[in-house]
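Given the structure is predicted, the values throughout are model-derived calculations rather than measurements. Order of listing sets the numbers, starting from 1, for every ligand and every atom in it.
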Amino acid sequence: MPYGVKLKGLGGNDMKEFAFLPKTRDAIIASAEAKDVDGEFIINQKAKALHPDYQALTVREIIDHVDAKTYILGNEDGSPVAYFKAGQYLSLQFIIDNSIITRPYSISSSPQWSLLGKYAVTIRRNPGGFAADKIIDTLRTGDKVIASAPEGSFFYDPIRDGKSVIALAGGSGITPFLSMAYAIRDGIEDFNLTIIYGSRDDKSILFKDELKSITNDCAKVKVVHVLSEETRDDCESGFITAELISKYLPSNGTCSIFMCGPEAMYNFVGKEVEKLGIDNKFIRKELQSVTKDVASQPGYPADCKDQVYNVKLIRGNAVYEFSASANEPVLVAIERAGIAAPSRCRCGECGWCRSKLLKGNVFIPEGTDGRRKADKDYGYIHPCASFPVSDIEIEVPGVYTE
Ligand code: FES
């Protein structure tokens, strides 16, 4: 036999049976009655439970933090919610000032919680923003919230990632890492996680006690607090620099760097990470939004800053006209106009908001252009990551509601 492979008798029979399988299948199909299948296959039920179109959840509990709140969302009867990989997010749908809007929030609880019928998400105040403060000021225990299935690819993958992960977090960017830490502690994930968490001062650290408790229970999780405006013996001082990260890199083996935090953190820490010379494939970023200062992006047409443009939007048979600030993504203008448009990640990655640009031009910052080549060639845009630089005409798909 070539390559020294020896076929045993039983193996040969298996191969023969396998070769006959298509014929057997065709005979069963040919002899079967032509009628609809009764009921639903278990595999379809399982797929639906794991990947529902949406989940109608209830706010079961609210936990206060200094400038944020954690919402425990779940099924009222405690039945399981869709399972997730630690690091994924939920896109939550709210009605604010007569607008249906969606916002993505990383799940901060252990995947185990989903079997108990609940998730935790944390929303941090964002003065001047369109949604966060209004959600925090109005969402009450008992309110209903429509959530997507768990989404996103910001999770640990043993095939792709190193055995150790250095997680760089800023502000509420700690939430996906808290979920990963719980998952390691609960035996769901198996990797070494060192979280380097930047905060202004001790009192603005989110989940300090929870992180402490996990590190006490689980040697695979370490947490290093870095304070920029306070000096403490048990914390690093200053910012998350290349020098500081180097202190915590594993001495042997490959490690992955995961980053999650506000735009200012990526602008600074991203450059520091580059200095470490780590292969790009081991560097992962979870963007929580697109840029808040589009005019500072390379290639932005400077004379468009602060302009207001007209938008003509077509959805099915309906046509809407409204204005849009050049400084905000088209999706925000759509929501401000009270029009429901689909979205999930809100940072150009998932394609859920994919729409056809019929007329006009938009500016798409380089780091958030997640379109496929064919979409670029045929005039599709992701409105969540596209800023108008002229009057535009756009066709958007529908949106789910309960
Ligand atoms: S919402 Fe994900 S690409 Fe726009």
Q: Within a radius of less than 6.0 Å around NZ of K285, do more than 12 heavy atoms belonging to other residues, nucleotides or ligands occur?
A: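 For K285, atom NZ is not crowded (no more than 12 foreign heavy atoms under 6.0 Å).
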Q: Need the ligand 1 atom indices (1-based, order shown) with element for anything under 4.0 Å from a heavy-atom of G348.
A: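 In order of numbering, the contacting atoms are 3 (S).
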Q: Give the residue and atom name of whichever protein heavy atom lies nearest to atom 1 (S) of ligand 1, and the separation in Å to one decimal.
A: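 Checking every protein heavy atom, the shortest distance to atom 1 (S) of ligand 1 gives R344 N, 3.2 Å.
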Q: Taking C-beta and beyond as the side chain, do R25 and P22 meet within less than 4.5 Å on heavy atoms?
A: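 Answer yes - side chains close enough.
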Q: Where does R354 meet ligand 1, judged by heavy-atom distances below 4.0 Å: at the side chain, the backbone, both, or neither?
A: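 No part of R354 is near ligand 1 at this cut-off.
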Q: Of all the atoms in ligand 1, which lie at a distance below 4.0 Å from a heavy atom belonging to H382?
A: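 Those atoms are 3 (S).
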Q: Below 4.0 angstrom from a heavy atom of C350, which ligand 1 atoms are there? Numbered from 1 as shown, please.
A: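 Checking each atom against C350, I get 1 (S), 2 (Fe), 3 (S).
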Q: Do NZ/NE/NH1/NH2 and the carboxylate oxygens of D391 and K359 come within less than 4.0 Å?
A: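 Judged by the 4.0 Å cut-off on N to carboxylate O distance, D391 and K359 do not form a salt bridge.
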Q: Quick check on atom 4 (Fe) of ligand 1: does C384 put an N/O/S atom closer than 2.8 Å to it?
A: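 A backbone or side-chain N, O or S atom of C384 is under 2.8 Å from atom 4 (Fe) of ligand 1.
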Q: Indicate, as side chain, backbone, both or neither, the part of R346 found under 4.0 angstrom from ligand 1 when only non-hydrogen atoms are considered.
A: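 Under 4.0 Å from ligand 1, R346 contributes backbone atoms alone.
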Q: Of the non-hydrogen atoms in L244 and F239, which two are nearest, and what is the gap between them?
A: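 Of all heavy-atom pairs spanning L244 and F239, the closest is CD1-O, 3.9 Å.
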Q: Nearest protein heavy-atom contact for atom 3 (S) of ligand 1: which residue, which atom, what distance?
A: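 For atom 3 (S) of ligand 1, the nearest protein heavy atom is G351 N, 3.1 Å.
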Q: Within the 4.0 Å heavy-atom shell around E349, which atoms of ligand 1 are there?
A: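 Those atoms are 3 (S).
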Q: Taking the six-membered ring for Trp, are the ring centroids of F177 and F154 within less than 6.0 Å of each other?
A: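 Yes, close enough.
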Q: Should we say atom CD of E366 is surrounded by more than 12 heavy atoms from elsewhere, each under 6.0 Å from it?
A: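 Check fails, neighbour count at 12 or below.
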Q: Tell me whether C345 has at least one N, O or S atom under 2.8 Å from atom 4 (Fe) of ligand 1.
A: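 No - counting backbone and side chain alike, C345 has no N, O or S atom under 2.8 Å.
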Q: Identify whether NZ of Lys or CZ of Arg in K356 sits under 6.0 Å from the centre of the six-membered ring of Y380 and within 45° of that ring's axis.
A: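 Ring-cation test returns yes.
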